[in-house]
Each structure stands twice: as structure tokens, then as C-alpha cells.
Amino acid sequence: GGGTGLGGGAALEDAAANQGLTVRAYIVDQFRKLSNAYRAGADKGTGARMHGSGRSDAREYHYKQVCAALEHLSDSPDWAELEAIGTQRHGVGGKTIAKLRELWDTGRLGRVDEFSNNPEQVARELLIKVHGIGQSRVVELVRQGVRTISDLRQRTDLSPQTSIWLKYHDQLEQPIPRDHIGEVRDRIGAVASRIDPRLKAIACGSYRRGKMESRDMDVMLILRGAGPGSTEHLEVMARIVPELHADGLLTDDLTTPGKFPQFGKKTAARVTTPSVVQAENSIAYMGICIVGGVHRRLDLRCYPEHQEAPALLHFTGSGDFNRFMSRAANARGFTLSELGLQPSVIKGPAERVPSGPHLELHSEAHIFEILRLEYKDPSERRDKIDVIDSTTGRPFFQTRESRTALPALTDTSRLQAHHPAAIT
DNA sequence: AGGCAAATACTG
DNA sequence: CAGTAT
DNA sequence: GCCT
């Protein structure tokens with residue numbers, strides 16, 4: 001490789017030092033900016049048809065994978081180490097290596113500068129963080145001249161959820177200390193067991209992955225003893241949310257408890273939704289709570305006990321880890337979701353259909369075992385490199401050879417011989 | 001050229 | 001139904 | 001943008 005000329009990475013070291021970051025953290029930050037930029041509609045929000053337009057979603061995805069790969073670098077990689085990830089990491093190709101080279105030589109990425117010099121792009125990246133503003137609305141708002149949060153507050157056409165979120169904008173941006181999440185879980189747990197002693201509360205998300213700080217709180221309620229066919233867990237949310245308001249924990253709802261399926265005016269319409277008809281789904285609540293004087297985002301869900309393992313796995317994440325564990329499941333002939341694991345087959349283009357019953361899942365470890373993946377502790381569930389094929393001991397997605405479907409595993413009858421209690 | 005995870009709930 | 005969110 |  002190169003890197004032996006004048007500079008030898010000095011520009012990159014300077015750029016990182018200027019921001020008080022390690023070289024690795026700086027590089028990751030640059031690529032994170034690209035991912036965020038594409039999420040916010042870079043190359044397609046301007047109306048100008050640039051090269052590569054229409055691929056924003058895929059590029060956002062791509063740069064997330066690049067960031068995940070780069071996280072594994074040492075603090076101060078030399079050029080050889082940077083260049084090597086092109087061959088070592090699945091998902092890092094020529095264009096990415098060229099960008100790394102650009103960083104190495106100049107300390108900057110022209111693409112990032114391009115975006116940050118574009119006021120509309122900057123505005124889109126800011127506004128898309130607001131609850132209720134997504135990839136479509138943000139383009140329209142910015143086209144109409146909205147540039148700042150203050151601009152947004154002037155609008156009279158905001159959804160109630162967006163208005164609520166804006167009330168607490170500053171607080172919601174602050175990271176949540178780990179202790180506060182444990183406290184909220186305990187308070188919810190206390191209220192829950194008063195409502196029904198079979199309920200237990202578990203904090204998931206990054207809290208369960210061991211992080212000291214989180215973006216929001218994700219609490220799961222499990223209704224112990226509830227199995228397939230039970231619908232009791234569907235009533236829990238409508239009962240507990242008013243209690244949590246009375247308790248002083250909740251301050252605002254982003255989903256409206258009055259409209260939960262079994263209550264309120266919309267009951268008739270909601271009766272046809274899958275969650276009520278199939279009685280196998282969860283009901284989710286989104287709201288704002290207050291802990292230690294600061295408002296925080298809270299997500300609450302309730303599942304019957306027979307779905308505890310897949311739900312726990314799903315809501316513990318990380319998102320990247322879920323994504324690749326699902327892909328591994330697909331490669332093994334299964335579909336994995338928070339509701340369960342079931343054999344499935346590809347039918348037609350981009351369509352996968354169930355080919356057997358949900359399996360009984362005793363624990364998270366059981367799911368890994370069925371999929372022949374190495375069990376990973378929550379703290380180790382970061383990205384695709386953590387999804388390990390236990391038949392080879394290698395990452396499922398690192399190299400072509402490491403990916404081996406096991407046709408026998410898709411044989412449901414054989415599977416059920418090992419796991420006789422498949423459920424429907 | 002087609003895929004890139006998957007499933008569900010709420011709003012307007 | 002499209003958009004947003006998880 | 002990268003992989004199959």
C-alpha cells in the first residue's frame with residue numbers, strides 16, 4: 001500500500017485530534033455522517049438528479065455496515081490496517097477504501113464537506129431526528145423553507161406527537177443514565193404486579209446490552225403463564241397506562257391509550273386487526289415519562305410468556321445484530337421475528353412464506369442453538385461480526401465460505417424430533 | 001439485476 | 001393507503 | 001455501495 005509519502009496519515013491524525021477523538025472514532029464519525037446524510041435524503045431531496053440518486057436507502061444501510069466494520073479498528077490504525085479491512089470485512093469495497101485513502105491523505109471526506117455546505121441537507125439531517133418527521137416529510141418541510149427547530153415550532157400543521165416531542169426536545173436529546181432505566185423498570189414492575197401478579201417487567205434495548213447510557217427506555221412486560229391462544233396480555237397496556245399516569249411516571253402519550261383495541265371509539269374498527277384476531281401479537285405503548293426531573297422516551301410492550309424468548313432477543317438488539325441474525329435465520333430456512341421462529345421458504349421474487357409452525361422457544365440461547373449460531377451475551381450483540389456460525393466458528397457474513405446453509409435444519413419433522421413441542 | 005430483516009401499530 | 005415509528 |  002501507500003501512505004509512505006509526505007504526511008503519512010498526519011492530516012488524519014490532526015483532524016482527529018482537533019475534535020478530541022481517536023483516529024478510529026474520527027473515521028467512524030465521518031462515515032456515520034454519510035449514513036445519516038443518505039437517511040436524510042442526500043442526493044434525492046434536492047430535486048437535482050445526481051449520480052447514484054434513488055439509492056439513498058441502500059447507501060444508508062451500506063455506510064452503517066462500514067461503520068460497524070470500522071469500529072473494530074485499533075485506536076490509531078496505520079494505512080495497512082485500513083486497507084486490509086477491504087479484504088477482511090464483508091461489505092467494505094473499493095469505493096470505501098478510496099474514501100479511507102482520502103481521509104488518510106487529507107483528513108477530510110469531500111462528500112461529507114459537500115453535504116455540510118448544503119444548508120438544505122443540514123436542515124434535513126436536523127429535522128429528521130424529530131419524532132413524527134421521516135424521510136418523506138423532511139423533504140417537503142425543507143423545500144418549504146423550514147431550517148431549524150424554531151422554524152418547525154412555528155408550524156400549525158404539526159401532529160400531536162411531534163408537538164409533544166418538541167415540548168421536551170432538549171431533554172429527550174440527553175442520554176439516559178443506566179440507573180434511571182432500572183428505576184423506571186422497577187416502578188413499572190411494581191404497578192404491573194399490582195394489576196396482575198403474573199406480570200414481570202424487563203428492561204431491554206441498550207440497557208440490557210450493558211450500556212451505561214441509552215437513548216430511550218425499552219421495557220417489556222411478560223405475562224407469566226400465558227400461552228398460545230391467550231389474549232389476556234392484550235388488555236394489559238390499557239390497564240397499566242392510566243396507573244402509570246396516576247403514579248406520576250408518565251407525563252405524555254405518543255400513542256393514545258383511549259384507542260387501544262379493546263377500548264374507545266375505534267373498537268369496532270380495531271377488532272379486525274391481526275393483534276386482536278390472532279391473539280398472538282403484542283400491544284405497544286410509546287410515551288414520555290419523567291425520571292430524576294428529566295423527561296424521557298419510554299416504550300412499553302406486553303407479551304405472553306411463550307413469546308418471551310424471541311421478544312427479548314428482538315428488543316435487546318442491537319438493530320444491526322437483529323438484522324443479521326434474521327438474515328442468518330433466512331439462510332437456514334427460517335423466519336425470525338419478535339413473535340417467534342418458524343420454517344419458511346422463498347416463494348417468488350422477494351417473498352418468503354411460512355412452511356411450518358412456530359417452534360417452541362425456551363430461551364434466547366435455544367434460538368441460537370436451533371439456528372446453529374454461537375450464543376452471544378447481550379453485551380456482545382453489536383453487529384454482523386457477532387453473528388457466528390457455530391458449525392465453522394466463523395462470522396456468518398465475513399466470507400463467502402463461512403456461509404453454509406444447513407438444508408437438514410429446514411426439515412421440520414426432523415427438527416420437531418429434537419424440539420417436539422412446536423406450536424401453531 | 002435484485003437484494004439489503006421483519007412485523008406491527010398508529011395517524012391523517 | 002402512505003408515512004412514521006418501534 | 002456491496003454482494004451474489
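In the text below, chain A, chain B and the rest are named by the order of the sequence lines, each starting its count at 1.
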Discussion item. Over all strands shown, is Gly94(A) touching base, sugar-phosphate only, or nothing at heavy-atom distances under 4.0 angstrom?
Written reply: sugar-phosphate
Item to complete: Between dA5(C), dA7(B), dG1(D), spot the one nearest the side chain of Lys99(A), thanks.
Response: dG1(D)
Worksheet entry | side-chain N/O Thr96(A) vs dC2(D) OP1/OP2, d < 4.0 Å | yes
Discussion item. What residues from residues 160-167 of chain A pass a heavy-atom cutoff of under 4.0 Å to DNA chain B?
Written reply: Pro160(A), Gln161(A)
Worksheet entry | Candidate nucleotides dA6(B), dG1(D), dC4(B), ranked by approach to the side chain of Arg327(A) - the nearest | dC4(B)
Worksheet item: When all nucleic acid strands are considered with a 4.0 Å heavy-atom cut-off, which category describes Leu254(A): base, sugar-phosphate, or nothing?
Response: nothing
Worksheet item: Counting side-chain heavy atoms from C-beta on, which of dA6(B), dT6(C), dG1(D) comes nearest to Arg59(A)?
Response: dG1(D)
Practice prompt. Can you tell me the distance, in whole Å, between the CE atom of Met286(A) and the C1' atom of dT11(B)?
Written response: 10 Å
Worksheet item: In terms of the angle between their ring planes, are Tyr168(A) and His295(A) parallel, tilted or perpendicular, with boundaries placed at 30° and 60°?
Response: parallel
Item to complete: Describe the nucleic acid contact of Val387(A) in one word from base, sugar-phosphate, nothing, applying a heavy-atom distance below 4.0 Å.
Response: nothing
Discussion item. For Asp383(A) and His72(A), which I'm curious about, is there any donor-acceptor pair between the side chains at under 3.5 Å?
Written reply: yes
Practice prompt. Could you say whether Leu158(A) or Arg323(A) is positioned toward the 5' end of DNA chain B, judged by the nucleotide with the nearest heavy atom to each?
Written response: Arg323(A)
Item to complete: Measure from CG on Leu339(A) to C1' on dA6(B) and round the result to the nearest Å.
Response: 9 Å
Item to complete: Quickly work out the Ile97(A) CD1 to dC2(D) P distance and round it to whole Å.
Response: 9 Å
Worksheet item: Just how far, in rounded Å, is C1' of dT4(D) from CZ of Phe397(A)?
Response: 13 Å
Practice prompt. Can you figure out which of dA5(B), dG1(D), dA7(B) approaches the side chain of Lys95(A) most closely?
Written response: dG1(D)
Practice prompt. Look at the side chain of Glu338(A) and decide which nucleotide, out of dA7(B), dA5(B), dT4(C), has an atom nearest to it.
Written response: dA7(B)
Practice prompt. State whether a side-chain donor-acceptor pair under 3.5 Å links Asn36(A) with Tyr63(A).
Written response: no
Worksheet item: At under 4.0 Å between heavy atoms, what does Phe324(A) touch on the DNA or RNA strands: base, sugar-phosphate, or nothing?
Response: nothing
Worksheet item: Leu70(A) has an atom CG; how far is it from atom P of dG1(D), in whole Å?
Response: 15 Å
Response to the item:
Ranking dG12(B), dT6(C), dA6(B) by distance to the side chain of Arg297(A), first place goes to dT6(C)
Worksheet item: How many Å lie between CD1 on Ile288(A) and C1' on dT6(C), as a whole number?
Response: 14 Å
Discussion item. Are Phe324(A) and Phe397(A) an aromatic pair, judged by ring center distance below 6.0 Å?
Written reply: yes
Practice prompt. For dA5(B) and dT4(D), measure between their P atoms and round to the nearest Å.
Written response: 14 Å
Worksheet, complete the sentence: Closest of dG3(C), dA5(B), dG12(B) to the Ser159(A) side chain is dG12(B)
Taking only distance into account, with no hydrogens and no angle test, what donor-acceptor pairs under 3.5 Å do side-chain atoms of residues 145-153 of chain A form with protein atoms, sequence neighbours excluded?
unit_1, atom_1, unit_2, atom_2, d
Arg147(A), NH1, Val142(A), O, 2.9
Arg147(A), NH2, Glu120(A), OE2, 3.3
Thr148(A), OG1, Ser150(A), N, 3.4
Thr148(A), OG1, Asp151(A), N, 3.0
Thr148(A), OG1, Asp151(A), OD1, 3.3
Thr148(A), OG1, Asp151(A), OD2, 3.4
Asp151(A), OD2, Arg147(A), N, 2.8
Asp151(A), OD2, Thr148(A), N, 3.1
Arg153(A), NH2, Leu166(A), O, 2.8

Worksheet, complete the sentence: From the candidates dG1(D), dT4(C), dA6(B), the one with an atom nearest any side-chain atom of Arg137(A) is dT4(C)
Worksheet item: How many Å lie between CZ on Arg39(A) and P on dT4(C), as a whole number?
Response: 11 Å
Discussion item. Hydrogens and angles aside, do Thr316(A) and Arg208(A) bring a side-chain donor and acceptor to less than 3.5 Å of each other?
Written reply: yes
Item to complete: Would you mind checking if Asp377(A) and Arg209(A) are paired as a salt bridge, meaning a charged N to carboxylate O distance below 4.0 Å?
Response: no
Worksheet item: Taking only N and O in the side chain of Tyr61(A), is any of them less than 4.0 Å away from OP1 or OP2 of dA5(B)?
Response: yes
Discussion item. Do Val294(A) and Gln174(A) make a side-chain contact, defined as non-hydrogen atoms from C-beta onward lying under 4.5 Å apart?
Written reply: yes
Practice prompt. State which of dC4(B), dA6(B), dT6(C) makes the closest approach to the side chain of Asn330(A).
Written response: dA6(B)
Practice prompt. Measure from the side-chain heavy atoms of His314(A) and tell me the nearest of dT4(C), dG1(D), dA6(B).
Written response: dA6(B)
Item to complete: Decide yes or no for Val387(A) and Phe321(A): does some side-chain heavy atom of the first lie under 4.5 Å from some side-chain heavy atom of the second?
Response: yes
Worksheet, complete the sentence: Rounded to whole Å, CG of Asp383(A) lies from P of dA5(B) at a distance of 14 Å
